[in-house]
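Below is one structure, written out as structure tokens; the observations come after it.
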Amino acid sequence: MNKFNAMFRVSFRGMIHSLGFQGSKKKTADRSGWLNFALVMGLNLWVAASYGMSMMMLLKETGNTQVFFAFMALLGVVFCTMFTLTGAKEVVFGTRDIDIVLSLPIHGRVVLLARLAALYCENAAFVLVWLLCAGGIWAVQGNGVSPTLFLVLILSGILLAVLPTLASLLIGVALAAISGRFARHALVENVLYFVGILLFCGFFFGLTKLQTAQSLTIELKGILTPFAWMTEACYGNWLALFKVALICVMPAVAVCLVCGHYYVAILASLTTQHGKSNYKLKQMKAQGVTLGLLKKEWCRYINTPIYVFN
């Protein structure tokens with residue numbers, strides 16, 4: 001447990017440090033990292049409030065406010081997945097100083113769990129903002145509120161945050177495998193990222209076509225069952241909250257056990273791929289400094305999918 005706690009603190013501080021501006025002092029990056037994190041959470045709150053108020057007005061007109069919490073939880077998980085998707089590979093499968101970490105008497109599974117725990121804390125904060133905002137909107141609209149409702153929303157946010165963490169882990173494994181097997185992995189990652197954006201847009205526009213809460217309720221009985229159970233828990237069904245815990249935690253534990261078994265092998269393949277250097281003796285072409293820097297920056301731009309699609 002002590003090893004896990006130490007690795008978790010290192011992973012979490014590294015994640016916050018990466019959000020900050022790289023100044024001459026480490027404290028500067030940490031402070032700016034927390035400020036940027038607070039800014040992201042503030043923007044997240046603004047988006048949640050905007051979508052929540054619009055949806056509440058629409059549901060009130062049709063008299064179907066019973067699916068409001070499910071809708072807000074669903075959007076929170078989807079936006080959280082898109083937000084953490086790009087950084088999941090670097091947070092969970094980052095190879096910086098990995099040789100030093102793995103040389104310590106720490107199992108690779110502990111390193112994976114610690115890095116996932118750091119990513120989970122970020123996701124939990126993201127999802128909780130959406131659900132607590134939903135509770136605030138519910139209270140402002142005069143629908144009646146109790147401390148038990150906010151307790152259920154907090155517990156639901158803690159549980160549902162496992163879903164984007166699990167999705168980020170699976171996609172991070174896929175991207176890590178691509179980086180380890182393909183020399184031109186940036187092109188493949190850009191294509192996959194583009195496909196993911198198309199799926200996200202299709203999912204979002206599909207939700208906007210649900211004109212009534214009854215049609216959304218029908219959708220909740222399929223693969224979106226955890227959100228339907230979460231709604232039942234908001235109305236006092238604690239057994240439904242237990243079902244949410246099972247359907248969120250059990251698959252995550254199984255996937256972590258499997259990925260933990262191959263974690264060191266994945267990191268080794270990434271280190272080997274990034275460490276390859278094929279030196280060839282050939283004549284160099286002269287070019288200007290501006291052209292050389294432009295080419296370098298262009299390659300770095302293309303190798304980062306989030307830059308391209310933003």
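- Residues Trp46 and Met53 share a hydrophobic cluster, clusters being chains of Ile/Leu/Val/Met/Phe/Trp/Tyr side chains in contact below 4.5 Å.
- Proximity of the aromatic rings of Phe69 and Trp138 is defined here by a centroid distance below 6.0 angstrom, and this criterion is met.
- Residues Leu166 and Met250 do not share a hydrophobic cluster, defined by chaining ILVMFWY side chains whose heavy atoms lie under 4.5 Å apart.
- Taking all atoms of both residues into account, the shortest heavy-atom contact from Ala161 to Ala124 is CB-CA, 3.5 Å.
- The shortest non-hydrogen separation linking Cys248 to Val162 is O-CG1, 3.3 Å.
- Between Val47 and Trp130, some side-chain heavy-atom pair lies under the 4.5 Å cut-off.
- A 4.5 Å side-chain heavy-atom check between Leu116 and Thr165 finds at least one atom pair inside the cut-off.
- Of all heavy-atom pairs spanning Pro226 and Ile247, the tightest one is CG-CG2, 3.7 Å.
- The distance from the OH atom of Tyr51 to the CE atom of Met72 is 11.0 Å, given to the nearest 0.5 Å.
- Heavy atoms only, all atoms of each residue included: Cys256 and Leu169 are closest at SG-CD2, 4.3 Å.
- Hydrophobic clustering places Leu151 together with Leu241 (ILVMFWY residues linked when any side-chain heavy atoms are closer than 4.5 Å, directly or through intermediates).
- Taking CZ from Phe126 and CE from Met41, the interatomic distance works out to 5.5 Å, rounded to the nearest 0.5 Å.
- Rounding to the nearest 0.5 angstrom, the gap separating the CG atom in Asn237 from the CE atom in Met230 is 13.0 Å.
- In this structure, Pro164 and Asn123 approach most closely via the heavy-atom pair C-ND2, 3.9 Å.
- Cluster annotation: Leu239 is not connected to Val152 through the hydrophobic network of ILVMFWY side chains, with a link wherever side-chain heavy atoms come within less than 4.5 Å.
- A single hydrophobic cluster is seen to contain both Tyr235 and Trp238, as judged by linkage of ILVMFWY side chains at heavy-atom distances under 4.5 Å, directly or through other members.
- If you take CZ on Phe227 and OG on Ser156, they are separated by 10.5 Å, rounding to the nearest 0.5 Å.
- Considering CG of Leu160 and CH2 of Trp229, their distance stands at 12.0 Å, rounded to 0.5 Å.
- Across all their heavy atoms, Thr231 and Ala70 have their closest contact at OG1-CB, 3.0 Å.
- Here the CD1 atom belonging to Ile137 is positioned 4.5 Å from the CZ atom belonging to Phe68, to the nearest 0.5 angstrom.
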